[in-house]
2 protein chains.
Amino acid sequence: MPKLWNATVETHRQAVREAILDTAATLVAEHGLSSLNMSQVAQSAGIGRATLYKYFPDVDAILAAWHERQIHSHLEQLAEVRQHNDGPARQLEAVLETYALIAHSHHGGAEAAQLHRGRHVGHARQHLIDFLTELIQEGAKAAVFRSDVAPDELAAYCLHALEAAAGLSSRAAIARLVKVTLAGLQPPLPAGESVERTTAGSG
Amino acid sequence: MPKLWNATVETHRQAVREAILDTAATLVAEHGLSSLNMSQVAQSAGIGRATLYKYFPDVDAILAAWHERQIHSHLEQLAEVRQHNDGPARQLEAVLETYALIAHSHHGGAEAAQLHRGRHVGHARQHLIDFLTELIQEGAKAAVFRSDVAPDELAAYCLHALEAAAGLSSRAAIARLVKVTLAGLQPPLPAGESVERTTAGSG
DNA sequence: TCGGATAGGATACATACTGTCTTATAAAAT
DNA sequence: ATTTTATAAGACAGTATGTATCCTATCCGA
């Protein structure tokens with residue numbers, strides 16, 4: 001797939017690299033994660049096996065690079081979504097919903113992402129956590145989120161909870177998941193103001 | 001490791017099977033998931049490679065069986081914990097805390113569990129979901145949990161959220177995670193009764 | 001336009017894991 | 001005692017790995 005000699009050497013190498021990642025992702029989506037091998041990637045990418053070894057030392061490295069690229073792309077999406085909303089509450093809601101949709105749509109590719117968390121302890125995933133942590137901290141300062149739990153713990157909670165989106169089928173179900181997850185971030189009632197509402201009984 | 005001819009053939013085969021699973025789990029914990037292979041398992045278990053193939057067709061099957069055994073064991077723990085508590089609210093809290101502790105302690109072996117979710121779509125995991133679903137449904141009927149979201153969706157949410165426990169370090173952090181997760185299950189305030197409490201500000 | 005540097009393809013090689021099969025031995029079941 | 005069953009050990013072909021060599025094609029600077 002990568003045209004020979006795109007222009008300069010550098011851009012060419014980059015193009016080949018990208019093509020390799022795309023190919024690997026496709027193969028994983030088609031034949032599963034465990035059956036991915038260097039020979040197959042090389043053949044599908046239309047390059048020699050030896051050449052492939054000049055780009056990546058092994059399958060793990062390919063998957064790691066692919067995962068890194070994915071996370072980076074998602075981070076950009078999330079950052080943009082954040083910009084388009086005002087206030088920590090709305091921002092977080094929009095960001096979480098977007099993340100849930102991503103988790104849902106990539107539930108095929110998530111297979112690899114899962115793996116990665118196990119292998120490399122996701123140094124890439126940390127960026128996501130950091131991004132959410134900062135957002136939640138803002139909200140905690142503004143008292144729209146709870147402050148009795150550290151922001152980074154809440155961020156990890158969100159990320160994990162929203163991965164349940166991979167197993168959901170409808171868009172509405174994802175919205176509900178986001179709502180429930182957000183409920184976990186609400187400041188707790190200050191003990192004494194317990195839940196006793198006879199005004200509107202629900203189901 | 002499995003003593004030759006424990007007594008009857010059946011018990012012997014069972015003992016060997018268990019030994020294989022134990023060996024595999026140990027190897028995964030030591031050398032990682034991807035490097036696990038039939039030859040290694042056979043050698044470490046002290047049985048012939050051909051013999052191993054008479055118990056399991058491939059590495060995946062071993063991991064699947066191991067995972068199944070794990071889940072089964074966890075379910076027993078959770079069921080027992082539930083019995084020792086009264087009322088949906090306390091029961092769920094105890095169950096979730098136990099699950100979080102399990103997720104935390106098995107965060108090494110979780111590597112394999114993760115994999116499995118990808119491979120077999122965890123038919124074993126469904127048992128866990130079912131168990132939680134039923135418990136949550138009880139609570140929803142009693143109006144201690146929200147009923148605007150289906151119990152099975154809430155169950156999936158809980159399971160995913162609590163897996164964040166694997167990345168936590170302290171027992172206290174796990175308790176906080178459980179608290180936050182449970183907060184997501186609370187019945188929503190019936191719109192209008194929004195959060196405005198000047199009584200006790202939380203710094 | 002020529003030549004060094006770099007990218008690539010093809011191939012060979014030793015190693016390792018796979019899945020199946022065969023042979024021979026020892027214990028269990030009847 | 002005889003048959004069934006479980007096992008170890010080894011052979012086998014097929015395949016993936018990681019490395020190395022050889023040769024060609026393109027780019028870039030002189």
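Every chain is numbered from 1 and lettered A, B, ... according to where its sequence line falls, protein lines coming before strand lines.
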Check whether any side-chain N or O of B:T51 sits under 4.0 Å from OP1 or OP2 of D:dA8, and answer yes or no.
yes
I'd like to compare against my own output: the B/S/- annotation of nucleotides 14-21 of chain D with a strict under-4.0 Å heavy-atom distance to protein.
--SBBBB-
Between atom [atom1] in [X] and atom [atom2] in [N], what is the gap in whole Å?
X     : N      : atom1 : atom2 : value
B:D60 : C:dC17 : CG    : P     : 17 Å
B:Q43 : D:dG10 : CD    : C1'   : 15 Å
B:H12 : C:dA27 : NE2   : C1'   : 10 Å
B:L52 : D:dA9  : CG    : C1'   : 15 Å
A:Q14 : C:dA7  : CD    : C1'   : 15 Å

Less than 4.5 Å apart, side chain to side chain, heavy atoms only: is that true for A:P151 and A:L132?
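No; the side chains remain at least 4.5 Å from each other.
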Going by heavy atoms in the side chains, are B:L185 and B:Y157 under 4.5 Å from each other?
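Yes; the side chains approach each other to less than 4.5 Å.
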ring-ring contact (aromatic ring centres under 6.0 Å, His included) pairs, two or more places apart, involving residues 74-97 of chain A:
A:H74-A:H106
Looking at B:R17 and B:D22, does any basic side-chain N land under 4.0 Å from a carboxylate oxygen?
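No salt bridge links B:R17 with B:D22.
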Would you mind classifying the nucleic acid contact of A:F56 as base, sugar-phosphate or nothing, using non-hydrogen atoms under 4.0 angstrom?
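No contact at all - A:F56 keeps every heavy atom at 4.0 Å or more from the nucleic acid.
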Determine the sole option in A:R82, A:K179, A:R171, A:R176 for which the salt bridge (charged side-chain N to carboxylate O under 4.0 Å, His left out) test with A:E97 is passed.
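In the set A:R82, A:K179, A:R171, A:R176, the residue that makes a salt bridge (charged side-chain N to carboxylate O under 4.0 Å, His left out) with A:E97 is A:R171.
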If you look at every heavy atom in B:E18 and B:R69, which pair is closest and at what distance?
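Closest approach of B:E18 to B:R69, heavy atoms only: OE1-NH1, 2.8 Å.
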Could you pull out the closest heavy-atom pair between A:V59 and A:M38, with the gap in Å?
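Closest approach of A:V59 to A:M38: N-SD, 3.6 Å.
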Which dot-bracket string fits DNA chain C when only Watson-Crick or G-U wobble pairs with both atom distances under 3.5 Å count, crossing pairs get [ ], and | stands for a partner on a different strand?
||||||||||||||||||||||||||||||
Option among B:L128, B:T181, B:L96 that satisfies the side chain to side chain contact (heavy atoms under 4.5 Å, CB included) test with B:L159
B:L128
